[in-house]
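Taking it in order: structure first as structure tokens, then the write-up.
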Amino acid sequence: MINEGFHKAFESRIRLGIMSALSVNEALDFTALKEYLDVTDGNLASHLKALEKEDFIAVEKSFVGRKPNTKYLITGAGRKAFAHHLTALEQLIRAQK
Amino acid sequence: MNKEQDYIRDLAEIRSMMERSSRFLSLSGWAGIMAGIYALVGAYVAHTFYHFDPANIQQHGKGLPADLEPVVTLATVILVLSVGTAAFLSYRRSLKRKESFWNGTSRRMVNAMAVPLVAGGLLCLVVLSAGPIAWLVPLTLLFYGLSLHSAGNYTFREVQHLGLIQIGLGLLSAWQVEYSLLLWATGFGLMHIVYGIYLYVKYERAA
């Protein structure tokens, strides 16, 4: 059964985790996301890139003193797609009961 | 292929991530219980052995009266013990829950607490040196209540209610100075124990 609410970008647990965390926070930096998800830098970076490519998340680069600080936030499109995905999940669970 | 189980697990993980990334849930109820016990013992010692009575402080000129020095030392010891115990117990609980202790959420919670605590702490230092000393009781309750109220945005909601109770007791103790030590013991002692037990029963015992 193919459900149109499902998005390929959300097939990975890590990407789903990133979207969940960003959906309840204004913005999160790389370190915070890494701690919540318990993944390696490279792994997290590649998943963030993928979500960025879909325009589901936006990146905000700034400097804290001299240290670069990258913040991630969810976009309108990302919020919408994530909400669709949640609804689709709930429907699938209900349909199979 | 067990798809349904997968979907249910996906949803559970989404919910847990939303919770973990917005609230620090490793706060231990035992931290409240222990802080309450320290405060009750402290208030008892101050009252019985040091004859501390906020309504009846002889203040000659500026500066801290010599007979109040042990009370201030006692209060500082209680503060350090309470914060230390809270940090230690919450750290232990975060290990058990496999949540990192110093993460984005706990950092935000500590930041939210720090603003009213530092402002209140500085004011208390001014009051210590310039008086009136009796104001320390309502001020500590009031600013601690404010800091709990803002910390409640990043941890269990109940912490916010505890904050409101401390604020109320602080205002009451500013008005009824003769009962202020009793009100202080109610806020820092009894209420910590009550809320500590409540948090423990609600969130820890079952887990």
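The basis for the numbers below is simple: all heavy atoms, side chains too, and nothing from hydrogens, waters or symmetry mates. Each chain gets a letter, A, B and so on, in the order its sequence line appears, and its residues count up from 1.
Neither the backbone nor the side chain of Leu33(A) comes within contact range of chain B, judged by heavy atoms closer than 4.5 Å. In this structure, chain A has no heavy atom under 4.5 Å from any part of Ser16(B). For Arg15(B), no part sits under 4.5 Å from any heavy atom of chain A, backbone or side chain.
At most 12 non-hydrogen atoms from other residues, nucleotides or ligands lie less than 6.0 angstrom from CG of Asp38(A). Remark: Tyr179(B) OH is loosely packed, at most 12 non-hydrogen atoms of other residues, nucleotides or ligands lying under 6.0 Å away. In Arg92(B), the CZ atom is not crowded: 12 or fewer heavy atoms of neighbouring residues, nucleotides or ligands sit closer than 6.0 Å.
Put simply, the side chain of Asn103(B) never gets that close to the backbone of Ala32(A): no donor and acceptor are under 3.5 Å apart.
Contact check for Ile14(B) versus Leu89(A): side-chain heavy atoms found under the 4.5 Å cut-off.
Only one option out of Leu37(A), Leu16(A), Val24(A) pairs with Met17(B) in a side-chain contact (heavy atoms from CB on, under 4.5 Å); it is Leu37(A). For the pairing with Ser21(B), the side-chain contact (heavy atoms from CB on, under 4.5 Å) check across Ile18(A), Leu22(A), Asn25(A) returns one residue only, Asn25(A).
Scanning both residues, Asp6(B) and Arg13(A), for their nearest heavy atoms gives O-NH2, 3.8 Å.
Between Glu35(A) and Arg20(B) there is no salt bridge, since no side-chain N of the basic residue sits under 4.0 Å from a carboxylate O of the acidic one.
Under the 3.5 Å distance criterion, with hydrogens and angles disregarded, no donor-acceptor pair is assigned to the side chains of Ser100(B) and Tyr36(A).
Against chain A, no residue from residues 161-168 of chain B qualifies, as none has a non-hydrogen atom under 4.5 angstrom away.
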